[in-house]
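Owing to the predicted nature of the structure, the values given are computational and were not obtained by experimental measurement. Throughout, residue positions are numbered sequentially from 1 according to the sequence presented.
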Amino acid sequence: MEWNPPFARWFVGGKLNASYICVDVHMRSWRRNKVALYWEGEPGDSRTLSYAELYREVNRYASILKKLGVGKGDRVALYLPMIPELPIFMLACARIGAPHTVVFSGFSTGALADRVNDVEAKIVVTADGGYRRGKILPLKKTVDEALKTVKSVEKVIVVKRTGAEVHMEEGRDLWLHDLLREAENYVRPEPVDSTDPLYILYTSGTTGKPKGIVHSTGGYLVFNHSMYQWVFNIKEDSVYWCTADVGWVTGHSSIVYAPLSHGASIVVYEGAPDYPAPDRWWSIIEKYRVTIFYTSPTAVRMFMRYGEQWIEKHDLSSLQVLGSVGEPINPEAWLWYFEKIGRGRCPIVDTWWQTETGGIMISPAPGVGLVPLKPGSVTYPLPGIDADVVDEEGRPCKPGVRGYLVIRRPWPGMLMTIYGNPERYKKTYWSRYPGLYFAGDYAMKDEEGYFWLLGRADEVLKIAGHRIGTAEIESAVVEHPAVVEAAVIGKPDPVKGETILVFAILKEGYEASPKLASEIKNHIRKVIGPVATPEAIYFVRSLPKTRSGKIMRRVIKAVALNTPIGDLSTLEDEASVEDVRKAYEEFRKAMEGK
Ligand code: WTA
């Protein structure tokens, strides 16, 4: 490691290629005939790719990108549903040294445009749609809309998935199947430096626009390869299913790079978890004999509500290890997961990590030695990870005392920087406590040193495990012509972890009404996507602010959740607190009355 605080560079001088490591190496053994990917479409169609087939496809896709002028260092944006083409394109980009930016297909126009613009992508890859709950996601239409505000994109590659009619722009849009006719079967993998970026993935922060998290190639791969061995005990015969979308970091590491670098078989499912019935997932586990299953607490809680009859119909005896990620898992959900899904046989690895950490940091590790588990605790940091919990001043907290989670030493999967904004990187992660990586999470250690994660300590929300910044939602709300100002808070939710509440001040001449509230909701869906749909919108005359004009979300939250408001000494206008309280109560009554 070369450590120029706060910038770390790993395996400097080393050369490698991620697609070579995930695909080519398996060509030299019997694994070439092994299943790399079991894919299941929502309507029930399926596809199986052996490693040899994956190799062929990755090469052919890489040749297409090359012919379109994509070279080392050029960025390619992938806005695709959960179809095999998504991991294939990621590996094809890696093959030619072009960092990819995957944009979650649940994001909409504004979110897509922001990301493509920031990364200045040359190519966007999308599809004529993807299936979700029996409906077709109009991805191509969203791309057409988003690209109106983007200059960098030269070509759009379109995958035919649904057969839905789409507009193809002359000279810009190209069908993948047309391009494949001219594709070559071999493209030499481009040797890249260990410190060359493998990908840029956007995530939400406390303020402003999403940040492009830059991951290296060497450090990222070494870290993930090791962690999946230690945490999941991944083996030759593992059938690994991570239910996350590839559009989030969990999908990058846990669907594509780590399991494929191990030559495991992965499962990818396109659609909604409970479609057409609440046993869809359990039927997939049975069908492919899944051995390692990795999902979110939100999903576990949702299935708890559906009841056990959906699980009992299926043979889940292939399962060996269960994983949880994305948000704290409550002990009740943990025990249910352990007993009903794992039938009391499978350890649960509750894995704490972030887009920024690249891979798992704190988790039980059955692959190296299992410590006694405690439902709701992520147990101990993994080997090499120097994590701690500190107070406001940066001093280690006593057992049982809540503080902030920090990491004391760099690790190979650590983000390299924020794309195009090293200052923001320094400020966000390394300025709160000089010399310590600030994760932005509350945590606690118990008497035995077990770590307990207690939720975000900043303005980031976790909605069903999806990470969304309050600032992003607020900026979408104020884009609506009726709104002058808005504040967004997260409200605890028994299934999704959190839901979104919006407090908005209307412009002169606009009347608060349920119709306007639903119009604003639709606007948010259109700009960011369905993940950001608020549970409710409250109209207020003012918002509590500090004297320097910053909205005090914690005050709004305390009012809405009816918890102690705390210190108000920096508040500018006391009346605003009452105003929020009144608006909130009135609306709640109005809604309950319906
Ligand atoms: C939260 C997801 C509790 C946490 C991999 C973190 C968790 C944020 C856990 C990162 C866990 C993730 N227990 N909280 N096991 N795993 N988190 O970037 O707040 O989408 O900071 O990465 O998710 O979310 P991100």
Side-chain angles (χ1 to χ4, degrees), residues 82 102-112 114-115 132-133 137 201-207 209-211 213 242-251 272-274 295-305 324-330 333 352-356 439-442 453-477 486-504 517-518 520-538 553-554 556-557 560-561:
M82 290 284 282
V102 181
V103 181
F104 173 50
S105 62
F107 278 137
S108 200
T109 322
L112 174 62
D114 280 352
R115 287 158 175 77
R132 187 85 192 173
R133 253 172 245 292
L137 295 174
L201 180 61
Y202 284 79
T203 191
S204 300
T206 302
T207 52
K209 294 221 180 268
K211 323 170 264 205
I213 303 300
C242 165
T243 67
D245 194 284
V246 173
W248 306 99
V249 75
T250 311
D274 50 356
T295 193
S296 70
T298 291
V300 173
R301 290 187 293 256
M302 182 182 92
F303 287 114
M304 266 171 92
R305 295 212 158 178
S324 173
V325 64
E327 45 178 329
I329 183 162
N330 47 310
W352 178 85
W353 55 299
Q354 308 178 296
T355 306
E356 292 88 340
D441 275 333
Y442 285 124
L453 267 298
L454 305 170
R456 292 293 303 192
D458 56 12
E459 309 296 347
V460 169
L461 304 180
K462 273 289 177 153
I463 314 297
H466 297 153
R467 181 166 163 182
I468 301 167
T470 48
E472 272 169 285
I473 308 172
E474 286 162 5
S475 102
V477 177
V488 163
I489 61 158
K491 180 186 130 191
D493 180 88
V495 176
K496 290 182 175 176
E498 271 186 310
T499 57
I500 299 167
L501 299 185
V502 176
F503 292 82
S518 76
I520 296 172
K521 272 191 199 177
N522 282 337
H523 174 75
I524 301 172
R525 288 171 70 93
K526 189 159 174 269
V527 176
I528 307 180
V531 275
T533 310
E535 181 186 295
I537 297 184
Y538 301 102
R553 293 185 194 81
R554 83 174 160 81
I556 304 172
K557 195 164 176 169
L561 305 182

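Judged by distance alone, with hydrogens and angles left aside, the side-chain atoms of Lys462 form a donor-acceptor pair with the main-chain N or O of Gly326 at under 3.5 Å. Checking side-chain atoms of Glu459 against main-chain N and O of Ala471 turns up no donor-acceptor pair under 3.5 Å. Looking only at distances, no side-chain donor or acceptor of Arg305 sits under 3.5 Å from a matching main-chain atom of Arg301. Arg467 places a side-chain N or O within donor-acceptor distance of the main-chain N or O of Ser204, the cut-off being under 3.5 Å.
Minimum heavy-atom separation, Thr298 to Gly497: OG1-N, 4.4 Å.
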- Task: Report the C-alpha separation of Glu474 and Arg553 in whole Å, then their side-chain angles, then the decisive distance to 0.1 Å, and conclude whether the salt bridge (Lys or Arg N to Asp or Glu O under 4.0 Å) test is met.
- Result: CA-CA 12 Å; Glu474 286 162 5; Arg553 293 185 194 81; 2.7 Å; yes
- Can Ile213 and Gln354 be said to form a side-chain contact (heavy atoms from CB on, under 4.5 Å), step by step? CA-CA 11 Å; Ile213 303 300; Gln354 308 178 296; over 6 Å; no
- What's the verdict on side-chain contact (heavy atoms from CB on, under 4.5 Å) for Ile473 and Ile468, showing C-alpha distance, side-chain angles and the deciding distance? CA-CA 8 Å; Ile473 308 172; Ile468 301 167; 3.7 Å; yes
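A donor-acceptor pair shorter than 3.5 Å cannot be found between the side chains of Glu356 and Thr203.
For Lys496 and Glu535, the salt-bridge test fails: no basic side-chain N is under 4.0 Å from an acidic carboxylate O.
Under the 4.5 Å side-chain criterion, counting only non-hydrogen atoms from C-beta, Val502 is not in contact with Ile520. Counting heavy atoms from C-beta on, the side chains of Leu561 and Lys491 come closer than 4.5 Å.
In summary, of the residues considered (Trp353, Tyr202, Phe107), a ring-ring contact (aromatic ring centres under 6.0 Å, His included) with Trp248 occurs for Phe107 alone.
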